[in-house]
Amino acid sequence: MVITIQPEVFSILIVTGLLICVVLYAGMKIKQSDPGQAPKGIVVLALYLIEWADKFTGDNMGQQFVKSFGPYIGTIAMYIFCCNISGLFGLPAPTSNLSVTLALGLISWCIIQGVSLKSNKLSGYVKGLLEPFAVMLPVNIFGKIAPLVSMSMRLFGNILVGGVLMSLVYSATGLLANLIFANCKFNFIGPIIAPVLHGYFDLFAGFIQMFIFISLTTVLAGNEVSE
């Protein structure tokens, strides 16, 4: 039996390892910083991310969930964005693998269901599946599962399409360069066109897809709060 390791596995290890190093370094700098002086460097970025994640969570889910889910939202936002832009550094984007996005979607889906159970209790949760009529149970169950499919497939599809389009751009520009100069081994057109497209498909689209993912997580969870 031949075991094949998907190329995204190495990207996951690299991105995760780098983020762990950055977080540990930021934590060390925060501990060493003087509370009486203005923060600087990576401490400013860390504090800004924490404040933004807490505010974003509180606005969409309620202030009572900030302490519990603010760190998750900040972490998942940073992780997904770094995964989305990893193509800029020649790495296969981990989020172009359905297994990765499905795992991320499953975590968020479990949070949504957990918030619903905590807010409505088990009796209210089951009652919601039977509303407005008991015959609607299959439809309501599908409605509960739909966010898992939607969130994971949306992130996966958009990042995968961006990677495929960039591959086609490099292939097309390579063929064009070969037509202009016969037997040309260097794709001199690609580096001219690609930066603009990378700016859209990697940076802009990567940020938008990250923002949509965390927005759906917090909004759908917030909608489950009874009050």
> Quick one: CD on Gln37 to NZ on Lys40, what's the gap to the nearest 0.5 Å?
Replying inline: 7.0 Å
>> Would a single hydrophobic cluster contain both Leu45 and Tyr48, if residues Ile, Leu, Val, Met, Phe, Trp and Tyr are joined by side-chain heavy-atom contacts under 4.5 Å?
In response: no
> Could you state the interatomic distance from CZ (Phe213) to OG1 (Thr218), rounded to the nearest 0.5 Å?
Replying inline: 11.0 Å
> Could you state the interatomic distance from CD (Gln209) to CD1 (Ile214), rounded to the nearest 0.5 Å?
Replying inline: 12.0 Å
> Should the pair His198 and Tyr170 be assigned to parallel (<30°), tilted (30 to 60°) or perpendicular (>60°) ring geometry?
Replying inline: tilted
>> Looking at Leu203, is its backbone amide N or carbonyl O close enough to the side chain of Asn84 to form a donor-acceptor pair, meaning the two atoms are under 3.5 Å apart?
In response: no
> Leu19 and Cys82: which non-hydrogen atoms are nearest, and at how many Å?
Replying inline: CD2-SG, 3.7 Å
>> Can you give me the closest heavy-atom contact between Ala221 and Val115, atom names plus distance?
In response: O-CG1, 3.4 Å
> For the residue pair Trp52 and Ala77, what are the closest heavy atoms and their distance?
Replying inline: CZ3-CB, 4.2 Å
> Residues two or more places apart in sequence or in another chain: which of them pass side-chain hydrogen bond (donor to acceptor under 3.5 Å, both in side chains) with Gln6?
Replying inline: Asn97
>> Quick one: does any side-chain atom of Thr16 pair with a main-chain N or O of Leu13 as donor and acceptor, under 3.5 Å?
In response: no
> Can you pull the salt bridge (Lys or Arg N to Asp or Glu O under 4.0 Å) pairs that have at least one residue in residues 151-177, sequence neighbours excluded?
Replying inline: none
> Between the side chain of Thr57 and the main-chain N/O of Val66, is any donor-acceptor distance below 3.5 Å?
Replying inline: no
> Is there side-chain contact between Met78 and Val23, with heavy atoms separated by less than 4.5 Å?
Replying inline: yes
>> Please tell me whether Phe56 and Phe211 form a close aromatic pair, meaning their ring centres lie under 6.0 Å apart.
In response: yes
>> I'd like to check the salt bridge (Lys or Arg N to Asp or Glu O under 4.0 Å) partners of Lys29; sequence neighbours left out, ordered by chain and number.
In response: none
> Can you name the residues that form a side-chain hydrogen bond (donor to acceptor under 3.5 Å, both in side chains) with Ser33, not counting sequence neighbours?
Replying inline: none
>> Side-chain heavy atoms under 4.5 Å apart, restricted to Ile/Leu/Val/Met/Phe/Trp/Tyr: what other residues fall into the cluster of Leu102, or is it alone?
In response: Leu106, Trp109, Leu148
> For Ser152 and Leu98, which heavy atoms make the closest approach, and how far apart are they?
Replying inline: O-CD1, 4.5 Å
> Under the salt bridge (Lys or Arg N to Asp or Glu O under 4.0 Å) test, which residues partner Lys55, sequence neighbours left out?
Replying inline: Asp59
> Does the pair Tyr72 and Ile107 meet the rule for a side chain to side chain contact (heavy atoms under 4.5 Å, CB included), with working shown?
Replying inline: CA-CA 10 Å; Tyr72 168 73; Ile107 296 172; 3.5 Å; yes
>> If the condition is side chain to side chain contact (heavy atoms under 4.5 Å, CB included), which residues does Ala26 pass it with, not counting sequence neighbours?
In response: Ile42, Ala46
> Which heavy atom in Leu220 sits nearest to a heavy atom in Pro147, and how many Å separate them?
Replying inline: CD1-CB, 3.8 Å
> How long is the gap from CD1 on Ile14 to CD on Glu8, to the nearest 0.5 Å?
Replying inline: 12.0 Å
>> Applying side-chain hydrogen bond (donor to acceptor under 3.5 Å, both in side chains), can you list everything that pairs with Tyr200, at least two apart in sequence or on another chain?
In response: none
> Just how far is it from atom SG of Cys110 to atom CG of Leu117, taken to the nearest 0.5 Å?
Replying inline: 10.5 Å
> Who passes side chain to side chain contact (heavy atoms under 4.5 Å, CB included) against Lys144, sequence neighbours left out?
Replying inline: Gln113, Ser116, Tyr125, Leu129, Glu224
> Can you name the residues that form a side-chain hydrogen bond (donor to acceptor under 3.5 Å, both in side chains) with Tyr79, not counting sequence neighbours?
Replying inline: none
>> I'd like to check the side chain to side chain contact (heavy atoms under 4.5 Å, CB included) partners of Val161; sequence neighbours left out, ordered by chain and number.
In response: Leu165
> Shared ILVMFWY cluster between Phe204 and Leu197, side chains joined below 4.5 angstrom?
Replying inline: yes
>> List the residues meeting side chain to side chain contact (heavy atoms under 4.5 Å, CB included) with Ile192, not counting sequence neighbours, and say none if there are none.
In response: none
> Under a single-linkage definition using a 4.5 Å side-chain heavy-atom cutoff for Ile, Leu, Val, Met, Phe, Trp and Tyr, are Phe89 and Phe201 assigned to the same hydrophobic cluster?
Replying inline: yes
>> When you measure from the side chain of Ser171 to the backbone of Ser167, do you find a donor-acceptor pair of N or O atoms at a distance under 3.5 Å?
In response: yes
> When rounded to the nearest 0.5 angstrom, what distance separates CG in Leu155 from OG1 in Thr95?
Replying inline: 5.0 Å
>> Quick check: is Ile50 connected to Phe81 through a chain of hydrophobic side chains (ILVMFWY, heavy atoms under 4.5 Å apart)?
In response: no
>> Hydrophobic cluster membership, with links at side-chain heavy-atom distances under 4.5 Å among I/L/V/M/F/W/Y: are Leu91 and Ile20 in one?
In response: no
>> Working note: Leu130 + Met136, criterion side chain to side chain contact (heavy atoms under 4.5 Å, CB included); need CA distance, chi angles, decisive distance, verdict.
In response: CA-CA 6 Å; Leu130 302 175; Met136 297 296 292; over 6 Å; no
> Between the side chains of Thr217 and Ser108, is a donor N or O closer than 3.5 angstrom to an acceptor N or O?
Replying inline: yes
> Which heavy atom in Ser86 sits nearest to a heavy atom in Val15, and how many Å separate them?
Replying inline: CB-CG2, 4.4 Å
